Student: 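Sharing a structure, written as C-alpha coordinates. Questions coming.
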Amino acid sequence: MRHVILPDDGGRQLPFYLAMEEWVALNLPAGDWFFTWRVSPTVIFGRNQNIEAEVDIDYCRRNGIGFYRRKSGGGCVYADMDNIMMSYITASGDDVQTIFSRYTSMIAGMLSSLGLEASATGRNDVYIGTRKVSGNAFYRLPGRSIVHGTMLFSTDMGHMLRAITPSRSKMESKQVQSVAAHVTTISEHLPGLNIDDFELHAVSALTSGVPLELTPSQVAQIESMEQGYRSEEWIRHGRTHRLSGSAVRSVSGRVSGVGELNVSVALSADGRNIADAAIDGDFFPLADGASAELMSFLRGVPLSLDGIARALKGVDASRYIAGLDTEILAEFLTDNILNPT
(Lines give C-alpha, C1' and ligand atoms only; values in the text may rest on other atoms or scores of the structure.)
Protein backbone atom coordinates (compact mmCIF):
# COMPACT_ATOMS: atom_id res chain seq x y z
CA MET A 1 0.00 0.00 0.00
CA ARG A 2 1.48 3.33 -1.08
CA HIS A 3 1.33 6.62 0.77
CA VAL A 4 -0.18 9.67 -0.97
CA ILE A 5 1.38 12.94 0.20
CA LEU A 6 -0.26 16.35 0.01
CA PRO A 7 2.64 18.85 -0.33
CA ASP A 8 0.91 21.84 1.29
CA ASP A 9 -1.18 20.13 3.94
CA GLY A 10 -2.32 22.90 6.23
CA GLY A 11 -5.53 24.73 7.02
CA ARG A 12 -7.78 22.75 4.68
CA GLN A 13 -11.34 21.83 5.55
CA LEU A 14 -12.92 18.40 5.42
CA PRO A 15 -14.49 18.66 1.92
CA PHE A 16 -11.02 18.86 0.39
CA TYR A 17 -9.96 15.52 1.86
CA LEU A 18 -13.19 13.82 0.80
CA ALA A 19 -12.52 15.09 -2.71
CA MET A 20 -8.88 13.98 -2.45
CA GLU A 21 -9.73 10.35 -1.77
CA GLU A 22 -12.28 10.41 -4.59
CA TRP A 23 -9.65 11.90 -6.92
CA VAL A 24 -7.17 9.19 -5.92
CA ALA A 25 -9.76 6.50 -6.65
CA LEU A 26 -10.58 7.94 -10.06
CA ASN A 27 -7.10 8.91 -11.24
CA LEU A 28 -4.27 6.90 -9.70
CA PRO A 29 -3.18 3.50 -11.05
CA ALA A 30 -4.56 0.24 -9.70
CA GLY A 31 -3.26 -0.73 -6.29
CA ASP A 32 -3.84 0.21 -2.67
CA TRP A 33 -3.38 3.84 -1.61
CA PHE A 34 -3.44 5.44 1.83
CA PHE A 35 -3.19 8.88 3.43
CA THR A 36 -3.93 10.58 6.74
CA TRP A 37 -5.38 14.00 7.47
CA ARG A 38 -6.59 16.26 10.26
CA VAL A 39 -9.26 18.95 10.38
CA SER A 40 -10.49 21.69 12.70
CA PRO A 41 -13.62 20.73 14.70
CA THR A 42 -16.06 19.12 12.28
CA VAL A 43 -19.04 16.76 12.31
CA ILE A 44 -19.14 14.30 9.40
CA PHE A 45 -22.39 12.44 8.72
CA GLY A 46 -23.24 9.62 6.35
CA ARG A 47 -24.78 10.03 2.91
CA ASN A 48 -28.13 8.53 3.93
CA GLN A 49 -28.49 10.27 7.28
CA ASN A 50 -30.96 12.98 8.21
CA ILE A 51 -28.87 15.95 9.34
CA GLU A 52 -31.58 17.33 11.64
CA ALA A 53 -31.79 14.00 13.48
CA GLU A 54 -28.04 13.42 13.78
CA VAL A 55 -26.42 16.84 14.26
CA ASP A 56 -27.07 19.63 16.77
CA ILE A 57 -26.75 22.33 14.13
CA ASP A 58 -27.29 25.26 16.51
CA TYR A 59 -24.58 23.98 18.86
CA CYS A 60 -22.16 23.52 15.96
CA ARG A 61 -22.78 27.04 14.68
CA ARG A 62 -22.35 28.58 18.14
CA ASN A 63 -19.05 26.78 18.64
CA GLY A 64 -17.51 27.10 15.18
CA ILE A 65 -17.89 23.39 14.36
CA GLY A 66 -18.25 22.59 10.66
CA PHE A 67 -20.65 19.93 9.45
CA TYR A 68 -20.44 18.09 6.13
CA ARG A 69 -21.97 15.07 4.42
CA ARG A 70 -19.74 12.33 3.01
CA LYS A 71 -20.53 9.88 0.21
CA SER A 72 -20.12 6.78 2.33
CA GLY A 73 -22.78 5.23 4.51
CA GLY A 74 -22.39 4.71 8.23
CA GLY A 75 -22.95 6.95 11.20
CA CYS A 76 -22.14 10.44 12.37
CA VAL A 77 -18.68 11.23 13.81
CA TYR A 78 -16.89 14.21 15.32
CA ALA A 79 -13.30 15.07 14.38
CA ASP A 80 -10.81 17.75 15.41
CA MET A 81 -7.05 18.33 15.25
CA ASP A 82 -6.51 15.72 17.98
CA ASN A 83 -8.16 13.08 15.83
CA ILE A 84 -6.42 11.50 12.83
CA MET A 85 -8.54 10.65 9.81
CA MET A 86 -7.41 7.82 7.54
CA SER A 87 -8.32 7.08 3.92
CA TYR A 88 -7.79 3.73 2.20
CA ILE A 89 -8.45 3.25 -1.51
CA THR A 90 -8.47 -0.27 -2.95
CA ALA A 91 -9.96 -2.37 -5.77
CA SER A 92 -13.70 -3.07 -5.52
CA GLY A 93 -13.65 -6.79 -6.39
CA ASP A 94 -14.36 -8.01 -2.86
CA ASP A 95 -17.56 -7.70 -0.86
CA VAL A 96 -17.96 -4.95 1.72
CA GLN A 97 -17.26 -7.06 4.78
CA THR A 98 -14.09 -8.54 3.27
CA ILE A 99 -12.74 -5.06 2.53
CA PHE A 100 -13.69 -3.79 5.99
CA SER A 101 -12.11 -6.83 7.62
CA ARG A 102 -8.87 -6.44 5.68
CA TYR A 103 -8.59 -2.74 6.52
CA THR A 104 -9.61 -2.90 10.21
CA SER A 105 -7.25 -5.86 10.72
CA MET A 106 -4.39 -3.76 9.33
CA ILE A 107 -5.30 -0.89 11.67
CA ALA A 108 -5.57 -3.22 14.67
CA GLY A 109 -2.18 -4.71 13.76
CA MET A 110 -0.63 -1.25 13.58
CA LEU A 111 -1.98 -0.43 17.05
CA SER A 112 -0.87 -3.81 18.43
CA SER A 113 2.68 -3.02 17.29
CA LEU A 114 2.59 -0.20 19.87
CA GLY A 115 1.71 -2.69 22.61
CA LEU A 116 -2.02 -1.89 22.63
CA GLU A 117 -4.73 -4.55 23.09
CA ALA A 118 -6.33 -3.76 19.74
CA SER A 119 -8.86 -5.80 17.76
CA ALA A 120 -11.08 -5.44 14.70
CA THR A 121 -14.62 -5.67 16.06
CA GLY A 122 -18.10 -5.66 14.52
CA ARG A 123 -18.71 -4.61 10.94
CA ASN A 124 -16.39 -1.58 10.81
CA ASP A 125 -14.77 -0.72 14.14
CA VAL A 126 -11.41 -1.07 15.89
CA TYR A 127 -11.33 -1.42 19.66
CA ILE A 128 -8.71 -1.11 22.36
CA GLY A 129 -9.88 -3.49 25.04
CA THR A 130 -13.65 -3.04 25.25
CA ARG A 131 -13.88 0.52 23.89
CA LYS A 132 -13.88 1.90 20.37
CA VAL A 133 -10.92 3.92 19.11
CA SER A 134 -11.69 3.88 15.37
CA GLY A 135 -14.90 3.78 13.33
CA ASN A 136 -14.90 3.41 9.56
CA ALA A 137 -17.22 3.87 6.59
CA PHE A 138 -17.27 2.66 3.00
CA TYR A 139 -18.41 3.53 -0.50
CA ARG A 140 -17.76 2.43 -4.07
CA LEU A 141 -16.78 4.16 -7.27
CA PRO A 142 -16.35 2.33 -10.60
CA GLY A 143 -13.61 -0.23 -10.01
CA ARG A 144 -12.58 1.17 -6.63
CA SER A 145 -13.66 1.01 -3.00
CA ILE A 146 -12.95 3.74 -0.46
CA VAL A 147 -12.73 3.12 3.28
CA HIS A 148 -12.20 6.07 5.57
CA GLY A 149 -12.43 6.57 9.28
CA THR A 150 -11.42 8.11 12.55
CA MET A 151 -8.54 7.40 14.88
CA LEU A 152 -9.10 9.01 18.27
CA PHE A 153 -5.68 10.08 19.47
CA SER A 154 -7.35 12.56 21.80
CA THR A 155 -10.46 14.70 21.39
CA ASP A 156 -12.69 17.36 22.90
CA MET A 157 -15.20 15.03 24.51
CA GLY A 158 -17.52 17.93 25.36
CA HIS A 159 -17.93 18.84 21.69
CA MET A 160 -18.28 15.20 20.72
CA LEU A 161 -21.11 14.68 23.19
CA ARG A 162 -22.98 17.86 22.26
CA ALA A 163 -22.46 18.16 18.50
CA ILE A 164 -23.76 14.68 17.67
CA THR A 165 -27.23 13.49 18.66
CA PRO A 166 -27.33 9.69 18.13
CA SER A 167 -30.69 7.98 18.38
CA ARG A 168 -31.73 6.22 21.56
CA SER A 169 -32.03 2.88 19.69
CA LYS A 170 -28.44 3.16 18.47
CA MET A 171 -27.13 3.82 21.96
CA GLU A 172 -29.22 1.04 23.48
CA SER A 173 -28.04 -1.42 20.83
CA LYS A 174 -24.47 -0.78 21.89
CA GLN A 175 -25.46 -1.15 25.57
CA VAL A 176 -23.75 2.02 26.73
CA GLN A 177 -25.07 4.90 28.75
CA SER A 178 -23.12 7.58 26.90
CA VAL A 179 -20.69 8.10 24.07
CA ALA A 180 -17.96 8.78 26.63
CA ALA A 181 -18.36 5.29 28.12
CA HIS A 182 -18.06 3.69 24.70
CA VAL A 183 -14.90 5.29 23.27
CA THR A 184 -11.25 5.54 24.20
CA THR A 185 -8.22 7.41 22.86
CA ILE A 186 -4.63 6.53 22.00
CA SER A 187 -3.32 9.15 24.44
CA GLU A 188 -5.23 7.51 27.29
CA HIS A 189 -3.17 4.35 26.80
CA LEU A 190 0.11 5.90 25.60
CA PRO A 191 0.39 9.24 27.45
CA GLY A 192 4.06 9.69 26.50
CA LEU A 193 3.39 9.57 22.74
CA ASN A 194 2.56 12.75 20.81
CA ILE A 195 0.16 12.84 17.88
CA ASP A 196 2.79 13.65 15.24
CA ASP A 197 4.91 10.66 16.21
CA PHE A 198 1.84 8.44 16.25
CA GLU A 199 0.86 9.58 12.77
CA LEU A 200 4.37 8.87 11.48
CA HIS A 201 4.22 5.40 13.04
CA ALA A 202 0.84 4.70 11.42
CA VAL A 203 2.03 5.69 7.95
CA SER A 204 5.28 3.73 8.33
CA ALA A 205 3.49 0.60 9.57
CA LEU A 206 0.73 0.64 6.97
CA THR A 207 2.51 1.71 3.76
CA SER A 208 5.51 0.64 1.72
CA GLY A 209 7.23 1.56 -1.53
CA VAL A 210 7.86 5.04 -2.85
CA PRO A 211 5.31 7.64 -1.64
CA LEU A 212 3.47 9.63 -4.29
CA GLU A 213 3.47 13.40 -3.78
CA LEU A 214 0.66 15.22 -5.53
CA THR A 215 1.56 17.98 -7.97
CA PRO A 216 0.08 21.53 -7.88
CA SER A 217 -1.99 20.64 -10.95
CA GLN A 218 -3.42 17.56 -9.23
CA VAL A 219 -4.19 19.58 -6.09
CA ALA A 220 -6.07 22.10 -8.26
CA GLN A 221 -8.18 19.27 -9.70
CA ILE A 222 -9.05 18.15 -6.17
CA GLU A 223 -9.99 21.70 -5.20
CA SER A 224 -12.40 21.78 -8.12
CA MET A 225 -14.02 18.49 -7.04
CA GLU A 226 -14.21 19.79 -3.47
CA GLN A 227 -16.95 22.28 -4.35
CA GLY A 228 -19.53 19.51 -4.72
CA TYR A 229 -19.09 18.59 -1.06
CA ARG A 230 -19.64 22.22 -0.05
CA SER A 231 -22.99 22.77 -1.76
CA GLU A 232 -25.90 23.45 0.58
CA GLU A 233 -28.08 20.98 -1.31
CA TRP A 234 -25.58 18.14 -0.81
CA ILE A 235 -25.00 18.95 2.87
CA ARG A 236 -28.72 19.15 3.63
CA HIS A 237 -30.07 16.35 1.49
CA GLY A 238 -27.29 14.44 -0.27
CA ARG A 239 -29.02 12.20 -2.77
CA THR A 240 -31.84 11.32 -0.40
CA HIS A 241 -35.09 10.68 -2.23
CA ARG A 242 -37.81 13.16 -1.31
CA LEU A 243 -41.28 11.75 -0.89
CA SER A 244 -44.26 12.64 -3.05
CA GLY A 245 -47.72 11.65 -1.92
CA SER A 246 -50.21 12.51 0.82
CA ALA A 247 -50.18 10.97 4.31
CA VAL A 248 -46.75 9.75 5.40
CA ARG A 249 -45.96 6.90 7.76
CA SER A 250 -42.45 6.55 9.15
CA VAL A 251 -40.70 3.92 11.20
CA SER A 252 -37.18 3.57 12.61
CA GLY A 253 -35.37 0.55 13.90
CA ARG A 254 -32.02 -1.15 14.04
CA VAL A 255 -31.29 -4.27 12.00
CA SER A 256 -28.40 -6.39 13.23
CA GLY A 257 -25.43 -6.37 10.86
CA VAL A 258 -26.99 -3.62 8.74
CA GLY A 259 -27.49 -0.52 10.88
CA GLU A 260 -30.33 1.85 11.58
CA LEU A 261 -33.16 2.01 9.04
CA ASN A 262 -35.56 4.94 8.90
CA VAL A 263 -38.25 4.12 6.33
CA SER A 264 -41.01 6.52 5.28
CA VAL A 265 -43.88 5.76 2.92
CA ALA A 266 -46.29 8.28 1.41
CA LEU A 267 -49.77 6.93 0.80
CA SER A 268 -52.07 7.45 -2.15
CA ALA A 269 -55.02 9.81 -1.72
CA ASP A 270 -57.32 6.95 -0.74
CA GLY A 271 -54.73 5.49 1.64
CA ARG A 272 -54.76 2.08 -0.04
CA ASN A 273 -51.44 2.13 -1.91
CA ILE A 274 -47.85 3.16 -1.30
CA ALA A 275 -47.38 6.19 -3.55
CA ASP A 276 -43.71 6.64 -2.70
CA ALA A 277 -41.06 5.33 -0.29
CA ALA A 278 -37.72 6.54 1.04
CA ILE A 279 -35.08 5.25 3.42
CA ASP A 280 -32.27 6.86 5.40
CA GLY A 281 -29.99 5.68 8.19
CA ASP A 282 -26.42 4.64 8.90
CA PHE A 283 -26.38 1.57 6.63
CA PHE A 284 -23.91 1.10 3.76
CA PRO A 285 -25.43 1.48 0.26
CA LEU A 286 -23.55 -0.51 -2.37
CA ALA A 287 -23.81 1.98 -5.23
CA ASP A 288 -24.80 5.55 -5.91
CA GLY A 289 -28.58 5.70 -5.60
CA ALA A 290 -28.83 2.08 -4.44
CA SER A 291 -31.12 2.74 -1.47
CA ALA A 292 -33.52 4.84 -3.58
CA GLU A 293 -33.57 2.09 -6.21
CA LEU A 294 -34.46 -0.49 -3.56
CA MET A 295 -37.36 1.65 -2.32
CA SER A 296 -38.63 2.10 -5.87
CA PHE A 297 -39.92 -1.49 -5.82
CA LEU A 298 -42.56 -0.38 -3.29
CA ARG A 299 -44.04 2.45 -5.33
CA GLY A 300 -47.60 1.88 -6.43
CA VAL A 301 -48.08 -1.39 -4.53
CA PRO A 302 -51.07 -2.07 -2.25
CA LEU A 303 -50.53 -1.18 1.39
CA SER A 304 -50.94 -4.76 2.57
CA LEU A 305 -48.90 -7.75 3.69
CA ASP A 306 -49.46 -9.45 0.34
CA GLY A 307 -48.73 -6.26 -1.64
CA ILE A 308 -45.38 -5.66 0.05
CA ALA A 309 -44.42 -9.34 -0.16
CA ARG A 310 -45.16 -9.46 -3.89
CA ALA A 311 -43.31 -6.19 -4.53
CA LEU A 312 -40.15 -7.57 -2.93
CA LYS A 313 -40.40 -11.10 -4.34
CA GLY A 314 -37.25 -11.88 -6.30
CA VAL A 315 -35.51 -8.72 -5.07
CA ASP A 316 -32.11 -9.24 -3.44
CA ALA A 317 -31.92 -6.39 -0.91
CA SER A 318 -28.27 -7.21 -0.15
CA ARG A 319 -27.35 -5.98 -3.66
CA TYR A 320 -28.49 -2.50 -2.63
CA ILE A 321 -27.69 -2.26 1.10
CA ALA A 322 -24.84 -4.23 2.67
CA GLY A 323 -26.03 -7.11 4.81
CA LEU A 324 -29.76 -6.49 4.36
CA ASP A 325 -31.88 -9.60 3.89
CA THR A 326 -35.05 -9.16 1.81
CA GLU A 327 -37.19 -11.14 4.25
CA ILE A 328 -35.94 -8.98 7.13
CA LEU A 329 -36.82 -5.84 5.17
CA ALA A 330 -40.31 -7.16 4.37
CA GLU A 331 -40.81 -8.07 8.02
CA PHE A 332 -39.60 -4.66 9.13
CA LEU A 333 -42.07 -2.95 6.81
CA THR A 334 -45.10 -5.10 7.47
CA ASP A 335 -44.62 -5.12 11.25
CA ASN A 336 -44.30 -1.36 11.45
CA ILE A 337 -45.76 0.39 8.39
CA LEU A 338 -48.93 -1.71 8.39
CA ASN A 339 -49.30 -1.59 12.15
CA PRO A 340 -48.03 1.84 13.27
CA THR A 341 -47.93 2.39 17.02
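These numbers were taken from a predicted model, which means no experiment stands behind them. Below, all heavy atoms of this structure are taken into account, side chains as well, without hydrogens, waters or symmetry copies.
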Student: What's the verdict on side chain to side chain contact (heavy atoms under 4.5 Å, CB included) for Y320 and L329, showing C-alpha distance, side-chain angles and the deciding distance?
Tutor: CA-CA 12 Å; Y320 301 90; L329 175 61; over 6 Å; no
Student: If you count heavy atoms of other groups shown closer than 6.0 angstrom to CZ of R310, is the number above 12?
Tutor: no
Student: Closest heavy-atom contact between C76 and I164?
Tutor: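 For C76 versus I164, the nearest heavy atoms are O-CD1, 3.8 Å.
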Student: For L193 versus F153, what's the shortest heavy-atom pair and its separation?
Tutor: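 What the structure gives for the nearest pair is O-CZ, 3.0 Å.
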Student: Would you say the side-chain atoms of D282 pair up with the backbone N or O of E260, donor to acceptor, closer than 3.5 Å?
Tutor: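 A pair under 3.5 Å: yes.
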Student: Apply side chain to side chain contact (heavy atoms under 4.5 Å, CB included) to D276 and V265, showing your working.
Tutor: CA-CA 6 Å; D276 205 356; V265 297; over 6 Å; no
Student: Verify, without hydrogens or angle tests, whether S134 (side chain) and T150 (backbone) share a donor-acceptor contact under 3.5 angstrom.
Tutor: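 Checking the backbone N and O of T150 against the side chain of S134, a donor-acceptor pair under 3.5 Å is found.
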Student: Membership question, hydrophobic clusters at under 4.5 Å side-chain separation (ILVMFWY): are L305 and L333 in the same one?
Tutor: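 Same hydrophobic cluster.
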Student: For the aromatic rings, using the six-membered ring if either is Trp, is the centroid distance between F284 and F100 under 6.0 Å?
Tutor: yes
Student: Is a side-chain N or O of T326 found less than 3.5 angstrom from the main chain of V315, in a donor-acceptor match?
Tutor: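 Between the backbone of V315 and the side chain of T326 there is a qualifying donor-acceptor contact (under 3.5 Å).
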Student: For the residue pair F34 and H3, does the interplanar ring angle fall in the parallel (under 30°), tilted (30 to 60°) or perpendicular (over 60°) class?
Tutor: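 Answer is tilted, since the angle falls between 30° and 60°.
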Student: Should the pair E117-R131 be classified as a salt bridge under the 4.0 Å nitrogen-to-oxygen rule?
Tutor: no
Student: Please determine if R62 forms a cation-pi arrangement with Y59, meaning its NZ or CZ atom is less than 6.0 Å from the six-membered ring centre and no more than 45° off the ring axis.
Tutor: no
Student: Strictly below 4.0 Å, N to O, side chains only: are R47 and D288 in salt-bridge contact?
Tutor: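 Judged by the 4.0 Å cut-off on N to carboxylate O distance, R47 and D288 do form a salt bridge.
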Student: So, applying side chain to side chain donor-acceptor pair (under 3.5 Å) with D280, which one of N48, N50, N262 is it?
Tutor: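 The single option meeting the side chain to side chain donor-acceptor pair (under 3.5 Å) with D280 is N262.
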Student: Given 3.5 Å as the limit, does a donor-acceptor pair link the side chain of R2 with the main chain of V210, or not?
Tutor: yes
Student: Are S264 and S250 close enough that a side-chain donor and a side-chain acceptor fall under 3.5 Å?
Tutor: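 There is such a pair between these side chains.
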Student: Hey, can you pull the donor-acceptor pairs under 3.5 Å for the side chains in residues 18-31, sequence neighbours left out?
Tutor:
from: E21; atom 1: OE1; to: S87; atom 2: OG; distance (Å): 2.5
from: E21; atom 1: OE1; to: H148; atom 2: ND1; distance (Å): 3.3
from: E21; atom 1: OE2; to: H148; atom 2: ND1; distance (Å): 2.5
from: E22; atom 1: OE1; to: K71; atom 2: NZ; distance (Å): 3.2
from: E22; atom 1: OE1; to: Y229; atom 2: OH; distance (Å): 2.6
from: E22; atom 1: OE2; to: K71; atom 2: NZ; distance (Å): 3.2
from: W23; atom 1: NE1; to: Q221; atom 2: OE1; distance (Å): 2.9
from: N27; atom 1: ND2; to: W23; atom 2: O; distance (Å): 2.9

Student: Applying a strict under-4.5 Å side-chain criterion to I, L, V, M, F, W and Y, I'd like to know whether L200 and I195 cluster together.
Tutor: no
Student: Indicate the atoms forming the closest heavy-atom contact of S268 with D270, along with that distance.
Tutor: OG-OD1, 2.6 Å
Student: Hydrophobic clusters here meaning ILVMFWY residues chained together by side-chain heavy-atom distances under 4.5 Å, can you tell me if I5 and F35 are in one?
Tutor: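 Different clusters.
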Student: Heavy-atom count check: over 12 atoms from other residues, nucleotides or ligands less than 6.0 Å from E188 CD?
Tutor: yes
Student: Could you tell me whether the side chain of R230 and the main chain of P15 form a donor-acceptor pair under 3.5 Å?
Tutor: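 No; judged by distance alone, with no hydrogens or angles, the pair does not exist.
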Student: Tell me if a side-chain donor or acceptor on R69 pairs with a main-chain N or O of G46 at a distance below 3.5 Å.
Tutor: yes
Student: Go through the steps to decide whether M106 and M1 satisfy the test side chain to side chain contact (heavy atoms under 4.5 Å, CB included), and finish with yes or no.
Tutor: CA-CA 11 Å; M106 287 191 292; M1 182 159 64; 4.2 Å; yes
Student: Does a donor on one side chain and an acceptor on the other come within less than 3.5 Å for D306 and S304?
Tutor: no
Student: Check salt bridge (charged side-chain N to carboxylate O under 4.0 Å, His left out) between E213 and all other residues, then give those that pass, not counting sequence neighbours.
Tutor: none
Student: Say whether, by atom type as modelled, one donor and one acceptor occur between the side chain of N124 and the main chain of N136 under 3.5 angstrom.
Tutor: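 Between the backbone of N136 and the side chain of N124 there is a qualifying donor-acceptor contact (under 3.5 Å).
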Student: Apply salt bridge (charged side-chain N to carboxylate O under 4.0 Å, His left out) to residues R319 and E293 and explain how you reach the verdict.
Tutor: CA-CA 11 Å; R319 290 182 57 239; E293 186 177 346; over 6 Å; no
Student: Checking side chain to side chain donor-acceptor pair (under 3.5 Å) for the pair R102/Y88: CA distance, chi angles, key distance, verdict?
Tutor: CA-CA 11 Å; R102 182 166 66 241; Y88 168 58; 3.2 Å; yes
Student: Any sub-3.5 Å donor-acceptor pair from S105's side-chain atoms to S101's backbone N or O?
Tutor: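 A pair under 3.5 Å: yes.
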Student: Please assess T90 against D32 for the test side chain to side chain donor-acceptor pair (under 3.5 Å), listing each intermediate value before the final yes or no.
Tutor: CA-CA 5 Å; T90 188; D32 289 357; 2.7 Å; yes
Student: Going hydrophobic residue to hydrophobic residue with side-chain gaps under 4.5 angstrom, can you get from V203 over to M81?
Tutor: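 They do not share one cluster, since no chain of ILVMFWY contacts under 4.5 Å joins V203 to M81.
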Student: So, Q218 side chain and T215 main chain: donor-acceptor pair closer than 3.5 Å or not?
Tutor: yes
Student: Yes or no on side chain to side chain donor-acceptor pair (under 3.5 Å) for D197 and N194, after CA distance, side-chain angles and deciding distance?
Tutor: CA-CA 6 Å; D197 288 341; N194 68 52; 3.2 Å; yes
Student: Using the side chain to side chain contact (heavy atoms under 4.5 Å, CB included) rule, take I65 and D80 through it: C-alpha gap first, then chi angles, then the decisive distance, then the call.
Tutor: CA-CA 9 Å; I65 300 171; D80 56 28; over 6 Å; no
Student: So, T42 side chain and A79 main chain: donor-acceptor pair closer than 3.5 Å or not?
Tutor: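 Not at all, since once roles are kept as given, no pair shorter than 3.5 Å links the two residues.
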Student: More than 12 non-hydrogen atoms from neighbouring residues, nucleotides or ligands closer than 6.0 Å to CD on E327, yes or no?
Tutor: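 Atom CD in E327 is not packed in, count stays at 12 or less.
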Student: Does the pair R38 and D196 meet the rule for a salt bridge (charged side-chain N to carboxylate O under 4.0 Å, His left out), with working shown?
Tutor: CA-CA 11 Å; R38 291 185 239 171; D196 294 324; 2.7 Å; yes
Student: So, for D316 and S318, which heavy atoms are closest and what is the spacing to 0.1 Å?
Tutor: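 Taking D316 first and S318 second, the nearest heavy atoms are OD1-OG, 2.6 Å.
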